[in-house]
Q: 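Dumping the structure here so I can ask a few things about it.
These figures come from a predicted structure and were not determined experimentally. Per chain, numbering begins at 1; letters A, B, ... match sequence-line order.
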There are 2 protein chains.
Amino acid sequence: MSELKPGRSFVSAQQVAELAGVSRSAVSRTFTDGASVSETTRKKVLEAAETLGYHVNHLARSLIHEDSGIVCLIGADINTPYHSRLLDAITRRLQAINRVAMVINTSGDSDSVDAALRQTLNYRANATVVLSGTPPASLINTCINSGQHVILINRDDHLDGPENITVDNAAAAREAFHMLHRAGCRRIAVVSSQAGTPSLVARERAFEAAAGEAGLSVTITRAGPTGYGAGFEAGRLLLSGSDRPDAAFCVTDLLACGFMDAARVEFGMNVPAELCVVGFDDIEQAGWASYQLTTFRQPIDQVADHITKLLDSDDPEPAQGGRVCFHADPVWRKTVRPK
Amino acid sequence: MSELKPGRSFVSAQQVAELAGVSRSAVSRTFTDGASVSETTRKKVLEAAETLGYHVNHLARSLIHEDSGIVCLIGADINTPYHSRLLDAITRRLQAINRVAMVINTSGDSDSVDAALRQTLNYRANATVVLSGTPPASLINTCINSGQHVILINRDDHLDGPENITVDNAAAAREAFHMLHRAGCRRIAVVSSQAGTPSLVARERAFEAAAGEAGLSVTITRAGPTGYGAGFEAGRLLLSGSDRPDAAFCVTDLLACGFMDAARVEFGMNVPAELCVVGFDDIEQAGWASYQLTTFRQPIDQVADHITKLLDSDDPEPAQGGRVCFHADPVWRKTVRPK
DNA sequence: GCAGCCGTTGCACATTTGTGCAAAGCCAAA
DNA sequence: TTTGGCTTTGCACAAATGTGCAACGGCTGC
């Protein structure tokens with residue numbers, strides 16, 4: 001008879017079996033879908049499990065199956081509106097398909113992406129979703145060789161091997177330019193950040209190229225990290241000069257909010273009469289009455305759905321790897337003049 | 001000789017041992033701190049592990065030690081500024097003490113807190129931190145009996161057993177009243193939500209009580225869930241009447257932002273000249289130039305530090321269970337008239 | 001050269017679970 | 001009653017790891 005002191009550690013199937021008067025196998029089969037147990041023993045086992053507070057040890061279960069049920073989400077800046085919404089959408093869907101999310105926060109030191117990917121491997125995660133940051137290729141290969149899914153979001157590097165989910169930043173940025181151009185804007189600024197993320201760079205480049213095709217040149221300002229403060233600072237710099245821009249494409253809604261606040265509070269400007277603004281992401285604040293920001297909606301639900309499809313083993317027709325690209329649709333609000 | 005096809009599954013210590021020409025024990029000891037291995041075999045093992053892409057299986061390791069290194073974070077609305085910041089702070093610190101965070105999102109169905117707590121037990125989590133929601137007492141007891149830490153944040157129920165971390169909502173709400181009262185406000189509204197969370201209720205009650213002591217009565221409006229939209233709606237309702245309030249205590253910054261926007265955009269009111277506003281949480285947006293909201297700062301870092309202290313086994317003097325209460329300090333900005 | 005000591009190594013067992021295989025039990029039909 | 005078939009059950013092994021114990025090797029001091 002095993003020790004039965006209830007106060008210290010987890011209950012094992014052995015203890016349940018002894019209390020129920022059956023073999024440990026019977027306990028195991030009771031908690032395994034599709035296994036053969038008679039109704040009477042099942043009942044005895046469930047009752048014993050209930051009184052002892054037994055819960056199947058998924059760690060041990062994962063030793064046998066190759067499926068741990070764990071999905072690692074690696075990302076930085078998860079306190080940011082866009083990232084936290086993405087995290088919310090993904091975790092919710094993962095639970096719906098019986099996976100559990102392990103979140104690794106790579107804000108802070110730069111080499112922590114390495115450590116994060118190693119954790120992923122240590123815990124035999126079923127898949128790894130990289131929301132931001134640049135993981136070293138060697139570790140990615142280890143993940144894939146070990147049979148893990150690796151899903152990169154908004155990374156244009158690492159072409160082969162991992163599954164890539166991207167947003168068509170270039171198309172949206174071109175569309176942003178034409179929105180502003182059609183509104184009559186000719187002195188257009190681009191407000192970006194010093195982060196240099198592939199997404200942000202793609203938006204800058206495509207916007208600049210579209211402007212070039214229309215015979216316009218743009219000035220790009222990168223006043224700090226991708227956030228409200230950098231947008232505000234960019235506004236202060238750009239609008240204090242003699243030839244103010246009449247429009248700005250902010251590569252992020254947070255930058256746009258900061259930029260608009262600088263324009264209105266520091267310079268008393270009227271948006272969109274004197275200054276048109278277009279953002280990117282469609283964070284919640286973009287819809288607030290103080291901003292009413294015209295922007296592009298990140299296809300967060302589509303991205304999360306696609307991840308689900310990649311990982312759901314019960315899906316009749318699971319999506320296959322490679323590259324997927326979703327479109328970011330414009331959201332018309334009030335920071336661009338109509339017509 | 002084990003199968004050595006690299007393309008399918010995880011590498012085991014056995015395979016590393018065979019390649020390095022040592023026993024499996026030597027491999028295990030190489031990756032165990034403080035175990036006795038000679039420098040030469042350690043080197044051979046590390047080299048073999050590197051070429052094969054070996055990573056210690058933490059699941060198997062956790063079978064032996066009782067320490068899985070996993071900490072479950074259970075919460076809803078993680079896309080909200082306050083919750084996402086809390087999540088960010090906690091995950092960051094957990095990694096610093098070699099724990100990994102498993103996030104369970106309980107937005108959605110109401111009974112998902114049960115399921116979340118069961119997951120916690122299934123994965124033998126070292127500890128469970130409940131950020132929001134009301135877990136059933138029976139499951140909490142199972143967690144504690146199994147040797148888990150259970151940490152409840154901002155829950156005033158469940159007094160014994162789990163460790164409680166709370167914020168002194170009542171003191172802050174009283175202070176909020178006196179700030180408004182001293183500013184000369186006499187027709188004060190309380191803007192709350194239909195959520196009925198213990199924190200929110202505590203703020204409402206304490207504010208109302210403080211007003212009562214000063215001989216004032218307040219009207220409480222609950223126009224929807226705890227968010228910008230409900231604050232906006234509350235503003236619309238409260239300010240359209242004939243006797244407008246001259247101040248509002250919003251139990252959340254999000255509500256305050258919505259309320260202010262309604263006041264300014266829908267009614268053209270001037271804050272703080274005609275209307276003083278006090279919020280709670282000190283989310284990032286409270287500091288934006290458009291709001292400059294006077295509010296109370298959630299002691300997020302203190303809470304996260306305390307959790308760390310509770311869980312860090314290396315800590316020389318770990319904090320002991322029971323109840324801890326942190327103070328929410330006022331942050332003076334510009335939505336309350338000075339003097 | 002030999003005894004003693006210390007660092008290193010391998011064997012075997014422990015952790016918890018799922019499952020193939022064979023035995024056993026049960027029910028019905030002949 | 002016996003036989004056949006089907007369900008249920010227990011044994012034993014598998015998964016990957018940590019570790020106590022004993023053995024082994026090498027080094028040093030006498």
Q: Do nucleotides 6-11 of chain D as a string where each nucleotide becomes B, S or -: B if the base has a protein heavy atom under 4.0 Å, S if just the sugar-phosphate does, - if no protein is that close.
A: --BBBB
Q: Would you kindly give the CD-to-C1' distance between B:Gln15 and D:dT17, to the nearest whole Å?
A: 14 Å
Q: For the side-chain hydrogen bond (donor to acceptor under 3.5 Å, both in side chains) test, which of B:Thr142, B:Thr128, B:Asn126 pairs with B:Thr120?
A: B:Thr128
Q: Would you mind telling me which of D:dT19, D:dA16, C:dT19 lies closest to the side-chain atoms of B:Asn57?
A: D:dA16
Q: Without decimals, in angstroms, what is the distance between B:Arg42 CZ and C:dT9 P?
A: 11 Å
Q: Going by heavy atoms closer than 4.0 Å, what residues in residues 118-127 of chain B are next to DNA chain C?
A: B:Arg124
Q: Quick check against the 3.5 Å criterion: does A:Thr91 have a side-chain atom that pairs as donor or acceptor with the backbone of B:Asn105?
A: no
Q: Between B:Asp312 and B:Arg93, does any NZ, NE, NH1 or NH2 come within less than 4.0 Å of an OD or OE carboxylate oxygen?
A: no
Q: Between B:Asp305 and B:Lys309, is there a side-chain N and carboxylate O pair less than 4.0 Å apart?
A: no
Q: To the nearest Å, give me how far apart CG (A:Asp33) and P (C:dG18) are.
A: 11 Å
Q: A:Gln14 has an atom CD; how far is it from atom C1' of C:dT17, in whole Å?
A: 12 Å
Q: Nearest 0.5 Å, what's the CG-CG distance between B:Asp67 and B:Asn98?
A: 9.5 Å
Q: SG/A:Cys143 to NE2/B:His55 distance, rounded to the nearest 0.5 angstrom?
A: 7.5 Å
Q: Could you check whether A:Tyr54 and A:Phe31 have their ring centres less than 6.0 Å apart?
A: yes
Q: To the nearest 0.5 Å, how far apart are CG in B:Asp88 and OG in A:Ser107?
A: 5.0 Å
Q: Rounded to the nearest 0.5 Å, how far apart are CD of B:Gln119 and NE2 of A:His58?
A: 5.5 Å
Q: In whole angstroms, how far is the C1' atom of C:dT15 from the NE2 atom of A:His58?
A: 18 Å
Q: With a 4.0 Å cutoff (strictly under), does any side-chain N or O of A:Tyr54 reach OP1 or OP2 of C:dT16?
A: no
Q: Strictly below 4.0 Å, heavy-atom distances to any atom of DNA chain D: list the hits from residues 60-68 of chain A, or just say none.
A: A:Leu63, A:Ile64
Q: Please test B:Ser199 against B:Thr197 for side chain to side chain donor-acceptor pair (under 3.5 Å), starting from the C-alpha separation and ending with a verdict.
A: CA-CA 5 Å; B:Ser199 308; B:Thr197 305; over 6 Å; no
Q: State whether a side-chain donor-acceptor pair under 3.5 Å links A:Ser28 with A:Ser25.
A: no
